[in-house]
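A short worksheet on the structure shown next.
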Amino acid sequence: MAELIVTGGRRLEGSVRIPRSKNSVLPILAAALLCEGESRICDVPCLSDVDTSLALLNAVGACACREGTDVLVCAGDQMQPSVPDSLSGAMRSSVYYIVPLLYRCGEAHISFPGGCRIGARPINLHIEGLRAMGAEIETHPNTIICRAPKGLHGANFCLSFPSVGATETLMMAAAFAKGRTVLCGCAKEPEITDLARFLRRCGARIQGAGGTCMTIDGVERLKAVAHTPIPDRITAATVLFGVAACGGDVTLTGVRYSHLNAVLHTLSAMGAELCRPELGVLRIRMEKRPDAAFVTTGVYPEFPTDAGPLFAAAALQATGESMIRETIFENRFACAAEFCRLGAEAHVQNSRLYINGVSGLKGGLLASQDLRGGAALVIAALAAQGKSRITGTEYIARGYEDIAQLFGRIGAELYWEK
C-alpha cells in the first residue's frame, strides 16, 4: 500500500462534499441478497471494505458490480453458503452475510469476522438472537455454522447491549421470519434507521427503527429497489476535527446535522464557530488554538467511539489538558504513542486518553494501526509543522475513498507515494 506524505502547518479553507456512509453501505449490500431482482445502491464510495464486500458477494454466487458510482447486486441461481476465509477475515462486516446466506441457502458457513484490532468485538448477541428465532448454530474455534432446517420464526429478544451489528443482523433475520419479532435493547444509530428504510422500501414490515424497541412482522419476499444511503457522519467529523486542529474556514455539504449533535457540541466547547447557512450545509471556522475539552464516548446519540481518535488529534494543541474516556473498545487509542512522535504529550490510562496540549507539533514518521486512529494521524500530521510520512494506510483506505483528496480539496498539502 502507498504511504501518505503530509506537509503540515497549513490552514484549511474551501468546501468539501461528504460522501455516503460506509457503515450504511456495508449492511445494505448484504441485505440486498434478501431481495428478488437487482438492487441498485447509489453513490457508493470507493472503499477497500466495499471492494471486499463485492468480492464476497461474487464468491458466494451473487452478481455484484459497479456501474459508475452505483453498485448493482442480485442473488444468483446457485448460491453457495460458505464465505472464503480470506474475505470474512478481512473485515468486520462479513458477519452481515450470515442471515442472507441462511435465507438463500438454508445454511451459512463463515469464519469469525476480522477488521481493525481495536478490542474485543464479540458476536454472541447475533448468535443468541438467531437461536431464539430457531437457528441451529455451531461455533468452532475459527468458524460459525448456522442452519435453519425449519426456517426462522418470530421471537421476543432483548439485547443485553445495544450492539449495532447484532441489531442489524436480527432486523434482517426478522424481515423474513415467520410471525412477529420484538427486539428490545436495540442500538439507535442512524445507520440502523437507514437499513430499516431500505428494507421497508423492499417490502419489509418494520416499526420502531431508531428507538429502543422494534417490532418486525416477517414477509414472504422482498423486492429489489434503488436506494441512496445517508451521508457519512464519521467522515464529516474527520473534516470538522481537521479544521479544529489546523484552523481555517471550511464548508461541508451533504451533511445531516442531527447525526452530528454530540460532535458539534464538542467542537463548540473547543472554540469552533459553527453555522448552518442552508439545509445540508455546515460551516466551521477556527481562528485560534482549540480549548481543552472532556469527552466520553458512548452509544448513539452520545459521542461516537469512531470519532474519539479524531477529537484527540484536534486536542493535541489545545490550551490545557483534555481527556477522552472510551466506553466501547479497550484498544481504541493505539494512535496515542504515534501522536507522541510528533511532540505531543498524550498517554493512556485504563480506558482514558489524557492529552496535555502543546503549542507546536513537528512532523515525523507515523504508523497507522486501525482505521480511525489512522485518520487521526492524518489530522495530527496536518497540524504539525514540517513533513510527516504515514505507513499502514491500508487501514485508512477501509473507510475513506481518498483521504489525500478529501483534505486536498480544502487546501491541505498531502500526497500518496509508493
Side-chain angles (χ1 to χ4, degrees), residues 6 8 115-121 233-246 260 262-272 286 289-384 388 390-392 395-396 399 403:
V6 182
C116 291
R117 301 184 295 272
I118 56 176
R121 307 173 87 173
R233 59 194 173 102
I234 304 303
T235 299
T238 305
V239 175
L240 291 166
F241 282 116
V243 178
C246 300
L260 292 164
V263 167
L264 298 180
H265 176 79
T266 299
L267 286 161
S268 293
M270 298 177 80
M286 194 72 171
R289 284 176 62 188
D291 296 327
F294 296 84
V295 167
T296 297
T297 67
V299 297
Y300 188 84
E302 297 175 29
F303 191 92
T305 176
D306 278 356
L310 312 175
F311 158 78
L316 297 178
Q317 297 184 103
T319 53
E321 185 178 66
S322 298
M323 186 273 288
I324 178 167
R325 183 168 73 93
E326 169 64 23
T327 67
I328 309 296
F329 298 114
E330 66 270 22
N331 193 32
R332 174 55 89 182
F333 300 124
C335 54
E338 301 301 307
F339 289 156
C340 295
R341 295 177 181 271
L342 302 177
E345 296 181 12
H347 71 278
V348 179
Q349 184 176 339
N350 298 323
S351 60
R352 293 171 170 82
L353 173 59
Y354 295 92
I355 301 166
N356 186 32
V358 297
S359 59
L361 303 173
K362 296 187 181 299
L365 178 61
L366 305 170
S368 171
Q369 299 177 57
D370 61 80
L371 168 53
R372 304 306 175 184
L377 296 183
V378 174
I379 293 173
L382 289 172
S388 296
I390 303 175
T391 63
Y395 293 107
I396 300 172
I403 201 165

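Distance check, rounded to the nearest 0.5 Å: SG of Cys335 to CZ of Arg372 gives 12.5 Å. To the nearest 0.5 angstrom, Phe329 atom CZ is 10.5 Å from Asp370 atom CG. Here Leu377 contributes atom CG and Thr391 contributes atom OG1; the two are 9.0 Å apart, rounded to the nearest 0.5 Å.
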With side-chain contact (heavy atoms from CB on, under 4.5 Å) as the test, would you mind laying out the steps for Thr327 and Val299 before giving the verdict?
CA-CA 9 Å; Thr327 67; Val299 297; over 6 Å; no
For a side-chain contact (heavy atoms from CB on, under 4.5 Å) check, start with the C-alpha distance between Phe311 and Met270, then their side-chain angles and the critical distance, and finish with the verdict.
CA-CA 10 Å; Phe311 158 78; Met270 298 177 80; 3.7 Å; yes
Under the criterion side-chain contact (heavy atoms from CB on, under 4.5 Å), I'd like the reasoning laid out for Asp306 against Arg332: C-alpha separation, chi angles, the key distance, then a yes or no.
CA-CA 9 Å; Asp306 278 356; Arg332 174 55 89 182; 2.8 Å; yes
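Nearest heavy-atom pair, Gln317 versus Pro290, reported as atom, atom and distance to 0.1 Å: O-CD, 4.0 Å. Across all non-hydrogen atoms, the minimal contact from Ala313 to Ala380 is CB-N, 4.1 Å. Of all heavy-atom pairs spanning Gly399 and Leu371, the tightest one is N-CD1, 3.5 Å. Here the shortest heavy-atom pairing between Arg352 and Arg325 reads NH2-CD, 3.2 Å. Here the closest heavy-atom approach between residue Cys340 and residue Ala346 is recorded as SG-O, 3.3 Å. In terms of heavy-atom proximity, Thr297 sits nearest to Glu326 at OG1-OE1, 2.9 Å.
In this structure a side-chain-to-backbone donor-acceptor pair under 3.5 Å is missing from Arg233 to Leu260. Checking side-chain atoms of Ser388 against main-chain N and O of Leu365 turns up no donor-acceptor pair under 3.5 Å.
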Acceptor/donor pairs from residues 354-363 side chains to any protein atom, 3.5 angstrom cut, sequence neighbours excluded:
unit_1	atom_1	unit_2	atom_2	d
Asn356	ND2	Glu345	OE1	2.8

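At a threshold of 4.5 Å between non-hydrogen side-chain atoms, the residues Phe241 and Val263 count as touching. The shortest distance between side-chain heavy atoms of Phe294 and Ile324 does not fall below 4.5 Å. Counting heavy atoms from C-beta on, the side chains of Leu310 and Ile234 come closer than 4.5 Å. Contact check for Leu366 versus Val378: no side-chain heavy atoms found under the 4.5 Å cut-off. In this structure, Leu264 and Leu240 have side chains that are in contact, with non-hydrogen atoms separated by less than 4.5 Å.
Remark: Arg341 pairs with Glu338 by the salt bridge (charged side-chain N to carboxylate O under 4.0 Å, His left out) rule, at least two apart or across chains. Taking Ser322 as the reference, nothing meets the side chain to side chain donor-acceptor pair (under 3.5 Å) condition, with sequence neighbours excluded.
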